[in-house]
Amino acid sequence: MNPTAIGAPGLLLPTLALPPSFTWGVATSSYQIEGAAAEDGRTPSIWDTFCRVPGAVVDGDHGDVACDHYHRMPQDVALIKSLGVDAYRFSVAWPRVQPGGTGPVNEAGLAFYDRLTDELLAAGLDPWVTLYHWDLPQELEDAGGWPNRDTAYRFADYAMMVFDRLSDRVDTWTTLNEPWCSAWLGYAVGVHAPGRKDFDAAIAAVHHLLLGHGLATQRMRAAATREMKFGITLNMGTADPATESQEDHDAARRADGMGLRVYLDPLRKGEYPADMVEELAARGSAFPVRDGDLEVISTPFDLLGVNFYFGQDFSGTDEQGNTHDADGHPIVRGVPLDRPRTAMNWPITPERFTQLLVRLHRDYPGLPLVITENGAAFDDTADASGFVADDDRTAYLADHIAAVVAAREQGADIQGYFAWSLMDNFEWAEGYAKRFGIVHVDYETQVRTPKQSAIWFRDTIGRVRGA
C-alpha cells in the first residue's frame with residue numbers, strides 16, 4: 001500500500017490499490033430529490049401520505065418539491081459529470097411510472113427516466129437503476145402493502161414496465177433498496193412510511209419484498225437480450241456483543257440474524273436461518289413461505305449492493321439488568337459506542353466496514369460486492385457563496401474508502417463505490433434537517449454548490465486512476 005496525501009491535509013489514501021475497472025459513482029433516490037409530486041400523472045406514495053401525519057417528519061417536511069430534480073435534471077447530470085465519476089445510481093418512482101400501482105404505464109412519468117437515461121449516456125455516465133427505493137403507491141398500501149403477498153407480483157409487473165423501456169440502454173439493475181428499512185422501520189417500528197407497528201406484518205413484509213425481488217429478477221433475466229447485471233441492495237452493519245456474556249452474544253446473534261442473515265440466507269442459500277425461524281416460532285410468528293417461494297427468492301443474481309453507515313455492539317440486558325421485556329421477549333439492545341458521531345448520532349466505525357465486507361466474502365462467497373451507499377450527515381455551515389468546508393465528511397469518506405481497500409486486500413471482491421449522497425435532500429423522517437450531500441443545496445433557491453468533500457472525491461478518483 002502506498003498512501004499519498006490527497007485533498008485536505010492529513011487525509012491519506014492508497015493510490016495504487018484500486019484497479020481501473022473499479023466503478024466510482026454517486027447515488028440518490030426518487031422521493032428524496034425529484035419533487036413534482038403531483039405532476040404528469042404521478043399519484044401519492046406512502047411517503048406523501050406519511051409526511052402529512054402530524055409529528056411523523058421533522059418540521060412537517062415533505063418531498064413535494066425536494067431538490068426539484070424533475071425540472072433540473074439536465075443541469076444535475078452536468079453536475080454529476082463534473083465530479084469525475086463513472087456512474088449514477090438513481091431510483092425510479094413507482095407511482096410516477098404506474099400510478100396507483102396497477103394498470104398501464106403512465107407515459108409522461110416513464111418519459112422522465114427515458115430522458116434521464118439518455119442525458120446520462122450522452123455525458124458518458126453509466127445509469128444504475130434501482131427499481132424500488134421506498135415509494136410504494138398508496139393504493140397498494142391501502143390494499144395491504146408489503147405484508148400482502150399480491151404486492152410482490154405487482155412489483156414484478158411494474159419492474160417489467162421500466163425494464164421494457166430502458167433495457168436497451170441500462171446494463172445494471174437493482175430491484176430493492178434496503179428491504180430491512182421498508183419492512184422493519186415501516187411496519188414494525190413505525191418511524192418510516194407507512195408508519196405501522198405490527199411485528200407480524202413486518203415479518204410478512206420481509207418475505208414478500210424478497211419474493212418480489214426474485215419474481216422481478218426472473219422476469220427481467222428472461223427478457224434480457226444481452227448481458228446485464230441484476231442485483232439487490234441491502235443496508236448492513238456489524239453486530240458484536242457488548243461483553244463476553246452469553247446474553248450479549250445471543251443479542252448480537254439475534255441482531256445479525258434479523259438485520260443480515262434473514263435476507264442473505266434465503267437470497268443465497270434458499271432458506272431462512274434456522275435460529276431465526278425458531279426465534280419467531282417462540283413468539284408465535286413465521287415467514288409466510290409457500291411452496292416454491294424460496295426457489296424464486298434464491299434466483300441467482302450478479303451483484304450485491306452494500307449500504308453501510310456504522311457498526312454496533314449489542315447487549316442482551318436492559319439498563320435495569322433484565323434479560324426479557326414485558327412481553328417475555330429476549331432483550332436486544334444497541335449499546336452506544338464511545339466514538340465520534342455524525343449528525344444522525346451514528347458512530348463512525350470504518351474498521352467495522354472492513355469487517356463486514358470480509359465477512360460477506362467469507363460467508364456468502366462468489367458474489368461481487370458494490371458499495372451502493374456510504375456517507376455521512378454533519379451540521380454543515382455554508383459560506384456566502386454556498387461552499388461548505390466539510391472536513392468531517394471528507395475525512396469520513398477517506399476513512400471508509402480506505403476500509404474498502406483494506407477489505408479488497410483481504411480478498412473481498414468489491415467492484416465499486418457510490419457516495420451517498422450526490423446532494424443534500426429530503427432525509428426521510430428527518431426532513432431537511434440532516435444533510436448527507438457532497439453538494440450543498442440551498443432549498444430556497446435550489447442552487448447547488450459542490451462542498452469540499454465533492455472536490456476531494458473528484459480529485460481522489462483522478463489520482464487513483466492516474467496512479
Side-chain angles (χ1 to χ4, degrees), residues 6-7 13 18 22-34 66-70 72-92 113 116-117 119-130 133 170-174 177-178 231 233 235 303 305-309 369-378 380 387-388 390 393-394 396-401 404 414-427 434-441 446-465:
I6 298 176
L13 194 66
L18 294 168
F22 192 83
T23 298
W24 295 93
V26 289
T28 64
S29 84
S30 51
Y31 191 73
Q32 292 182 273
I33 67 167
E34 284 181 1
C67 303
D68 198 32
H69 173 69
Y70 191 77
R72 300 167 186 267
M73 179 268 290
Q75 302 96 301
D76 287 341
V77 171
L79 172 64
I80 296 166
K81 175 67 173 176
S82 75
L83 299 178
V85 298
D86 310 300
Y88 174 51
R89 175 181 176 252
F90 63 93
S91 77
V92 175
Y113 302 104
L116 171 57
T117 299
E119 196 81 24
L120 290 166
L121 291 171
L125 296 163
D126 190 14
W128 284 45
V129 170
T130 298
H133 198 131
V170 173
D171 295 331
T172 307
W173 297 83
T174 302
N177 180 79
E178 300 185 347
T233 285
N235 58 304
L303 60 87
V306 177
N307 291 1
F308 178 87
Y309 291 96
L369 308 175
V370 174
I371 311 309
T372 38
E373 286 186 27
N374 179 238
F378 289 103
D380 294 338
F387 179 75
V388 176
D390 55 343
R393 185 177 292 105
T394 306
Y396 182 100
L397 293 174
D399 288 344
H400 286 75
I401 293 170
V404 170
I414 307 160
Q415 299 186 352
Y417 177 96
F418 288 72
W420 184 270
S421 173
L422 166 64
M423 54 187 163
D424 297 331
N425 55 41
F426 176 79
E427 186 44 44
K434 306 298 183 187
R435 292 177 177 265
F436 274 86
I438 60 173
V439 173
H440 177 264
V441 177
Q446 293 294 348
V447 170
R448 283 87 152 116
T449 306
K451 303 176 187 178
Q452 173 185 287
S453 55
I455 297 167
W456 177 89
F457 192 53
R458 178 201 67 197
D459 292 350
T460 295
I461 296 168
R463 294 201 188 197
V464 169
R465 291 233 160 109

Checking D86 now: which residues fulfil side-chain hydrogen bond (donor to acceptor under 3.5 Å, both in side chains) with it, not counting sequence neighbours? R465
Using a 3.5 Å distance criterion without hydrogens, assess whether the side chain of R72 forms a donor-acceptor pair with backbone atoms of V447. no
Apply side chain to side chain contact (heavy atoms under 4.5 Å, CB included) to V85 and I461, showing your working. CA-CA 7 Å; V85 298; I461 296 168; 3.8 Å; yes
NE2-OG1 distance between H133 and T28, expressed to the nearest 0.5 angstrom: 8.5 Å
If I compare all heavy atoms of H440 with all of D424, which pair ends up nearest, and what's the gap? CA-OD2, 3.4 Å
Heavy atoms of A376 and F436 approach each other most closely as C-CD2, 3.5 Å
Are any of the side-chain heavy atoms of D390 and F378 separated by less than 4.5 Å? no
Evaluate V441 against I33 for side chain to side chain contact (heavy atoms under 4.5 Å, CB included), listing each step before the verdict. CA-CA 11 Å; V441 177; I33 67 167; over 6 Å; no
Sort out for me which residue in T130, N307, T372 forms a side chain to side chain donor-acceptor pair (under 3.5 Å) with E178. N307
In this structure, OG1 of T233 is separated from CH2 of W128 (nearest 0.5 Å) by 8.5 Å
Taking all atoms of both residues into account, what is the closest heavy-atom pair of N374 and I371, and its distance? CB-CG2, 3.9 Å
Evaluate the side-chain proximity of V129 to Y113: yes if any heavy-atom separation is below 4.5 Å, no if none is. no
Using a 4.5 Å cut-off on heavy atoms from C-beta on, say whether the side chain of K451 contacts that of D380. yes
Backbone of A377 reached by a side-chain donor or acceptor of K434 within 3.5 Å: no
Is any side-chain heavy atom of P450 closer than 4.5 Å to a side-chain heavy atom of L79? yes
Between Y396 and H400, how do the two ring planes meet: parallel, tilted or perpendicular, split at 30° and 60°? parallel
State, yes or no, whether a side-chain contact exists between D76 and Y88 at a heavy-atom distance under 4.5 Å. no
Tell me the closest heavy-atom pair linking S453 and L397, and the distance in Å. CB-CD1, 4.1 Å
Looking at the rings of F418 and W420, which for Trp means the six-membered one, are their centres under 6.0 Å apart? no
Rounded to the nearest 0.5 Å, what separates atom NZ in K81 from atom CD in E119? 12.0 Å
Let me confirm one number: the CZ-CG distance from R89 to L422, rounded to the nearest 0.5 Å. 12.5 Å
Side chain to side chain contact (heavy atoms under 4.5 Å, CB included) between L18 and Y417: does it pass, once the steps are laid out? CA-CA 11 Å; L18 294 168; Y417 177 96; over 6 Å; no
If we only count heavy atoms from C-beta on, is the T23 to V370 side-chain gap below 4.5 Å? no
Can you name the residues that form a salt bridge (Lys or Arg N to Asp or Glu O under 4.0 Å) with D126, not counting sequence neighbours? none
Given side chains that start at C-beta, do those of N425 and H69 come closer than 4.5 Å, heavy atoms only? no
Rounded distance (nearest 0.5 Å) linking atom CZ of F308 with atom CD of E373: 13.0 Å
Taking side chain as C-beta onward, heavy atoms only, is L83 less than 4.5 Å from W24? no
Nearest heavy atoms of S421 and A27, plus distance in Å: OG-O, 3.1 Å
Backbone of F426 reached by a side-chain donor or acceptor of Q32 within 3.5 Å: yes
If you compare all heavy atoms of Y309 against all heavy atoms of G375, which two are closest, and at what distance to 0.1 Å? CD2-O, 3.3 Å
Would you compute the distance between atom CD1 of I455 and atom OG1 of T460 and round it to the nearest 0.5 angstrom? 11.5 Å
